[in-house]
Amino acid sequence: MIRTRFAPSPTGYLHIGGLRTALYSYLFARKSKGEFLLRIEDTDQERFVEGAIENLIDTLNWFDLTYEEGPYKKDPTNPKSEILQKGDYGPYIQSQRTEIHKEHVAQLLASGNTYRCFCTKERLDEMRQKQTELKQAPMYDRRCLDLPQSEIEAKIANGETYVIRQKMPYETIKFKDLIRGNVQFDGKIIDDQVLMKSDGFPTYHLANVVDDHLMKITHVIRGEEWLSSTPKHIALYKAFGWQPPEFAHLPLLLNADRSKLSKRQGDVSVEEYIKKGYLKEAILNFAAFLGWNPGAGEENEIFTLKELEEAFSLEKVHKAG
């Protein structure tokens with residue numbers, strides 16, 4: 001069965017681009033008689049905004065983007081209602097899955113696909129500055145990759161903090177994107193990403209891959225800004241011995257001057273449009289047509305949600321921003 005997800009971070013209001021991602025993921029699942037779920041990616045606790053999870057749930061409900069699994073409010077009419085969760089693959093709030101993520105990092109350490117990095121912030125800043133001066137792409141220089149086990153144990157016993165980095169394979173990583181076609185990256189020029197921070201919380205990259213696999217996600221639909229991270233994710237799937245999902249990277253939303261859509265040039269949060277009195281049908285049609293059209297011969301210019309479910313396909317999503 002096809003399973004998609006919308007996995008926002010609770011860092012404020014819902015961006016119009018986030019609504020489009022949710023809508024496309026919902027439509028793709030409905031078109032194929034699949035399942036759509038909501039997962040909250042709150043591993044970056046410093047950016048967490050109080051009330052943002054409730055706001056995300058309320059907004060999806062307002063647009064009738066129903067989901068089979070994920071967090072929901074016990075009382076939808078109460079802004080401060082208790083949040084419950086439904087589905088067989090929870091918890092669906094990422095910060096509640098930390099032990100699961102730690103178990104999987106331990107697997108990667110044991111298999112040699114990750115390593116502990118004890119470099120200080122000062123050392124990393126100095127390294128990046130030198131690389132910039134030499135006009136090199138800033139990336140970790142693997143100083144800690146081959147530390148002897150005795151030295152690692154001594155540093156841990158001494159109370160030195162460390163992160164866990166992904167050991168990127170130095171090989172060509174290829175995949176077929178459902179919108180962009182065949183894509184390939186050279187593993188040698190991809191940074192050894194931090195997967196587990198010194199506070200024990202996973203980064204987006206690790207949690208995203210582990211949770212998508214355990215929640216049986218078959219299709220990952222997300223913004224183009226994540227395209228460069230996809231080889232890291234595919235390398236992680238390979239390290240775990242898992243089959244990667246299909247990927248579809250949506251075109252960027254741009255301002256009139258072709259820069260990335262930002263608050264400086266008008267409303268970008270869905271809530272602003274709702275406050276101004278736009279109908280949900282108007283906003284959904286607006287979001288749907290930001291990068292997609294039903295194709296030649298279609299005379300209908302205004303679609304109900306049900307009609308969008310029937311008309312939508314990823315093949316008709318554009319590549320251009």
Side-chain angles (χ1 to χ4, degrees), residues 2-11 14-15 17-18 21-22 24-25 28-29 35-48 52-53 56 67 69-71 85 87 89-108 113-114 163-169 173 175 177-179 183 185 187 190-197 199-250:
I2 284 177
R3 284 169 59 85
T4 66
R5 56 29 171 208
F6 178 49
S9 297
T11 55
L14 181 60
H15 189 280
T21 300
Y24 285 13
S25 300
F28 185 76
E35 293 175 340
F36 172 60
L37 65 87
L38 172 66
R39 182 173 74 230
I40 302 297
E41 299 198 333
D42 62 339
T43 53
D44 190 347
Q45 292 289 292
E46 290 180 7
R47 296 178 64 222
F48 179 82
I53 296 177
L56 284 162
Y67 46 92
E69 300 171 30
Q85 299 185 45
Y89 303 101
Y92 295 90
I93 296 176
Q94 226 163 40
S95 59
Q96 298 173 8
R97 300 175 61 84
T98 305
E99 291 309 311
I100 298 170
H101 301 138
K102 285 180 178 176
E103 288 169 16
H104 283 82
V105 163
Q107 283 181 37
L108 293 174
N113 287 289
T114 59
V163 298
I164 296 177
R165 290 184 181 274
Q166 179 179 10
K167 182 185 175 184
M168 278 300 298
I173 298 173
F175 63 96
D177 187 273
L178 294 175
I179 294 170
V183 183
F185 290 85
I190 297 172
D191 199 9
D192 283 1
Q193 187 71 44
V194 173
L195 298 181
M196 188 72 81
K197 295 175 280 191
D199 62 5
F201 266 95
T203 61
Y204 165 83
H205 301 282
L206 176 85
N208 177 275
V209 166
V210 170
D211 292 349
D212 277 346
H213 175 75
L214 296 181
M215 293 178 185
K216 302 188 184 301
I217 299 303
T218 62
H219 291 74
V220 171
I221 300 170
R222 60 189 179 188
E224 185 186 336
E225 62 269 26
W226 295 110
L227 186 63
S228 61
S229 297
T230 306
K232 302 174 189 178
H233 301 165
I234 287 175
L236 280 175
Y237 279 103
K238 187 175 179 182
F240 282 121
W242 297 339
Q243 179 68 30
E246 299 268 1
F247 292 96
H249 289 89
L250 307 177

Quick one: does Asp42's side chain have a donor or acceptor within less than 3.5 Å of a partner on Ser95's backbone? yes

Tell me, please, which residues at least two apart from Glu103 pass salt bridge (charged side-chain N to carboxylate O under 4.0 Å, His left out). none

Which heavy atom of Pro91 sits nearest to which heavy atom of Arg97, and what is that distance? O-NH1, 2.9 Å

Does Lys197 NZ have over 12 foreign heavy atoms under 6.0 Å away? yes

Which value, rounded to the nearest 0.5 Å, describes the distance between Lys232 atom NZ and Asp191 atom CG? 6.0 Å

Non-hydrogen atoms of Pro71 and Leu38 that approach each other most closely: CD-O, 3.4 Å

Are Phe6 and Leu14 close enough, and set up right, to give a side-chain contact (heavy atoms from CB on, under 4.5 Å), and what steps lead you there? CA-CA 12 Å; Phe6 178 49; Leu14 181 60; 3.8 Å; yes

For side-chain contact (heavy atoms from CB on, under 4.5 Å), just list the numbers for Leu195 and Leu236, CA-CA rounded to whole Å, side-chain angles, deciding distance to a tenth of an Å, and then say yes or no. CA-CA 10 Å; Leu195 298 181; Leu236 280 175; 3.8 Å; yes

Main-chain N/O of Ile179 paired with Asp177 side-chain donor or acceptor, under 3.5 Å: yes

For Ser25 and Ile221, which heavy atoms make the closest approach, and how far apart are they? OG-CB, 3.6 Å

Under the side-chain contact (heavy atoms from CB on, under 4.5 Å) test, residues paired with Pro245 that sit two or more places apart: Val220, Tyr237, Phe247

Side-chain heavy atoms of Phe36 within contact of Phe28, under 4.5 Å: no

Give, for atom NZ of Lys216 and atom CG of Leu214, the distance between the pair rounded to the nearest 0.5 Å. 8.5 Å

With sequence neighbours excluded, residues passing side-chain contact (heavy atoms from CB on, under 4.5 Å) with Ala235: Gln166, Met168, Pro169, Ile173

Return the minimal non-hydrogen interatomic distance between Thr98 and Phe201, and the atom names on each side. OG1-CE2, 3.9 Å

What pairs with His249 under ring pair (Phe, Tyr, Trp, His ring centres under 6.0 Å), at least two apart in sequence or on another chain? none

Would you please name every residue forming a side chain to side chain donor-acceptor pair (under 3.5 Å) with Asp212, sequence neighbours left out? Arg5, Arg39

Partners of Ala207 by side-chain contact (heavy atoms from CB on, under 4.5 Å), sequence neighbours excluded? Thr43, Gln94, His101, Pro202, Asp211

Between the side chain of Thr203 and the main-chain N/O of Val194, is any donor-acceptor distance below 3.5 Å? yes

Approximate separation, where rounding is to 0.5 Å, of Trp226 CH2 and Thr21 OG1: 11.5 Å

His233: side chain to side chain donor-acceptor pair (under 3.5 Å) partners, not counting sequence neighbours: His205, Arg222

Backbone N/O of Tyr92 and side chain of Gln85: donor-acceptor pair under 3.5 Å: yes

Could you pull out all residues at least two apart from Asn113 that satisfy side chain to side chain donor-acceptor pair (under 3.5 Å)? Ser111

When rounded to the nearest 0.5 Å, the distance separating CZ of Phe175 from OG1 of Thr230 is 4.5 Å

Residues which pass salt bridge (charged side-chain N to carboxylate O under 4.0 Å, His left out) with Arg3, listed by chain and number, not counting sequence neighbours: Glu35, Glu69

For the atom pair OG1 (Thr114) and CE (Met196), what is the distance rounded to the nearest 0.5 Å? 9.5 Å

What's the shortest heavy-atom distance between Leu56 and Ser9, and which atoms? CD1-O, 4.4 Å

Set of residues satisfying ring pair (Phe, Tyr, Trp, His ring centres under 6.0 Å) with respect to Phe240, sequence neighbours excluded: His104, Trp242

By ring pair (Phe, Tyr, Trp, His ring centres under 6.0 Å) - contacts of Tyr67 (at least two apart): none

Taking all atoms of both residues into account, what is the closest heavy-atom pair of Leu37 and Ile217, and its distance? CD2-CD1, 3.7 Å

Residues forming a side chain to side chain donor-acceptor pair (under 3.5 Å) with Lys238, sequence neighbours excluded: Glu171

